[in-house]
**Q** 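Structure below; questions to follow.
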Amino acid sequence: SKYSGSPMTDTPDDQPQFDHVYEEQSNFVYNLARRLSKTQTDAEDLFQESFLKVFRFLPKFRGGSVRSWVRQIVVTTNISRYRGKKNQPQAALDEHEGWKESIPDESAGPETQAEQEEQKRELNEALERLNESAREILVLREMQGLSYDEIAELLEVPKGTVRSRLARAREALRVVLEGSDG
């Protein structure tokens, strides 16, 4: 094993490489984390989690664009934060405006609240069944509230590609949700 224990006790060869990546990418990662997060604290947490993963996976990096690789780590880390834990199925979905329109008002009675909890559970399960690309674009647009332009810049694709991926992802989600009704 390359590491002798804690990630901070890396071999001398890894530290300069990580330091270089951190120095070159920290502003980019911070700005990306801010755009993806609702609060400053969330952005700081995302920044830290992302660089822990960069540090951990840097020995496995196989070349190509470091920025694209780091961006993918940040986006994937952000998505995993909102996918929910097995023991907390609705996770952070409760807080995101994009899904609230299809969920009844929480000030309603117990029966409506029970329906709402069931819808959230079904939505989380449906999101889990989508491929990573579909889940990613839905989270960025519907949960994070990013614009088409912001998503295009983030994913480094044309705005039209964002629109088509989002349409396919919404359709895939609809199919999964309709399939779970019966």
Side-chain angles (χ1 to χ4, degrees), residues 28-29 31-39 42-43 45-47 49-50 53-54 57 62 64-65 67-182:
F28 168 73
V29 171
N31 290 331
L32 178 57
R34 279 297 298 140
R35 288 203 329 253
L36 290 172
S37 301
K38 296 276 185 197
T39 68
D42 286 346
D45 289 348
L46 179 56
F47 177 89
E49 281 179 56
S50 297
K53 288 180 181 179
V54 167
F57 294 112
R62 297 288 174 239
S65 168
R67 178 159 292 197
S68 292
W69 180 71
V70 169
R71 175 184 49 79
Q72 192 59 45
I73 288 174
V74 176
V75 170
T76 303
T77 300
N78 186 59
I79 289 170
S80 69
R81 296 170 81 194
Y82 292 97
R83 284 172 53 190
K85 313 264 187 295
K86 297 294 180 206
N87 59 350
Q88 297 175 333
Q90 61 271 17
L93 289 178
D94 301 348
E95 302 168 12
H96 295 282
E97 298 296 323
W99 297 108
K100 283 188 178 176
E101 294 144 14
S102 64
I103 297 175
D105 183 3
E106 288 185 355
S107 63
E111 188 175 305
T112 303
Q113 287 181 4
E115 284 178 25
Q116 179 182 30
E117 291 303 314
E118 178 64 15
Q119 286 178 340
K120 289 178 195 173
R121 185 190 61 73
E122 288 175 9
L123 178 60
N124 276 298
E125 288 176 3
L127 283 170
E128 289 291 327
R129 292 176 57 194
L130 297 178
N131 67 44
E132 186 174 333
S133 175
R135 192 169 45 244
E136 174 182 69
I137 200 128
L138 284 169
V139 168
L140 292 173
R141 177 67 181 155
E142 304 298 344
M143 295 176 175
Q144 298 293 329
L146 296 183
S147 71
Y148 291 110
D149 289 329
E150 289 170 321
I151 296 168
E153 181 182 335
L154 177 64
L155 299 180
E156 297 176 352
V157 298
K159 192 172 169 181
T161 301
V162 170
R163 284 193 173 109
S164 63
R165 285 183 187 174
L166 190 56
R168 285 193 303 271
R170 285 174 174 155
E171 177 62 16
L173 182 62
R174 184 188 65 74
V175 168
V176 169
L177 286 170
E178 285 178 357
S180 65
D181 287 344

**Q** If I compare all heavy atoms of R141 with all of L146, which pair ends up nearest, and what's the gap?
**A**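 So the minimum-distance heavy-atom pair works out to NH1-O, 2.9 Å.
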**Q** Any chance you could measure K159, atom NZ, to E150, atom CD, to the nearest 0.5 Å?
**A** 11.0 Å
**Q** If we only count heavy atoms from C-beta on, is the T76 to K53 side-chain gap below 4.5 Å?
**A** no
**Q** Looking at F28, I'd like to know if the NZ or CZ of R71 sits under 6.0 Å from its six-membered ring centre while staying within 45 degrees of the ring's axis.
**A**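 Not satisfied by the 6.0 Å and 45° rule.
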**Q** Between CG of N78 and CG of L140, what distance do you get to the nearest 0.5 Å?
**A** 7.0 Å
**Q** Which heavy-atom pair separates A152 from P158 by the least distance, and what is that distance?
**A**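 Closest approach of A152 to P158: CB-C, 4.1 Å.
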**Q** Less than 4.0 angstrom from a charged side-chain N to a carboxylate O is my criterion; do R168 and E171 meet it?
**A**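 No salt bridge links R168 with E171.
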**Q** Would you give the length of the straight line joining atom OG of S68 to atom CD1 of I73, rounded to the nearest 0.5 angstrom?
**A** 11.5 Å
**Q** Is it true that R67 and E156 make a salt bridge, defined as a side-chain N closer than 4.0 Å to a carboxylate O?
**A**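 No.
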**Q** Report the distance from atom CD of E118 to atom CD of E115, rounding to the nearest 0.5 Å.
**A**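 So the CD of E118 and the CD of E115 are separated by 9.5 Å.
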**Q** Could E142 and R170 be called an ion pair, given the rule that one side-chain N must be under 4.0 Å from one carboxylate O?
**A** yes
**Q** Counting C-beta onward and ignoring hydrogens, is there a side-chain heavy-atom pair between L127 and V176 closer than 4.5 Å?
**A** no
**Q** Of all the heavy-atom pairs spanning L130 and A169, show the shortest one and how long it is.
**A** CD1-O, 4.4 Å
**Q** Between V54 and V70, which heavy-atom pair has the shortest distance, and what is it?
**A**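 Heavy atoms only, the tightest pair is CG2-CG2, 4.2 Å.
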**Q** Can you tell me how far apart CZ (R163) and OG1 (T161) are? Round to the nearest 0.5 Å.
**A** 10.5 Å
**Q** Give, for atom CG of L46 and atom CZ of R35, the distance between the pair rounded to the nearest 0.5 Å.
**A**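 With rounding to 0.5 Å, CG (L46) is 12.0 Å from CZ (R35).
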**Q** Can you check whether L155 reaches I137 side chain to side chain, under 4.5 Å on heavy atoms?
**A** yes
**Q** Might you point out which heavy atoms bring W69 and F57 nearest each other, and give the distance in Å?
**A**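 Smallest heavy-atom distance, with atoms named: CZ2-O, 3.7 Å.
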**Q** Taking all non-hydrogen atoms of both residues into account, name the closest pair between D42 and T39 and its distance.
**A** N-OG1, 3.0 Å
**Q** Considering only NZ, NE, NH1 and NH2 on the basic side and carboxylate oxygens on the acidic side, decide whether R129 and E125 come within less than 4.0 Å.
**A** no
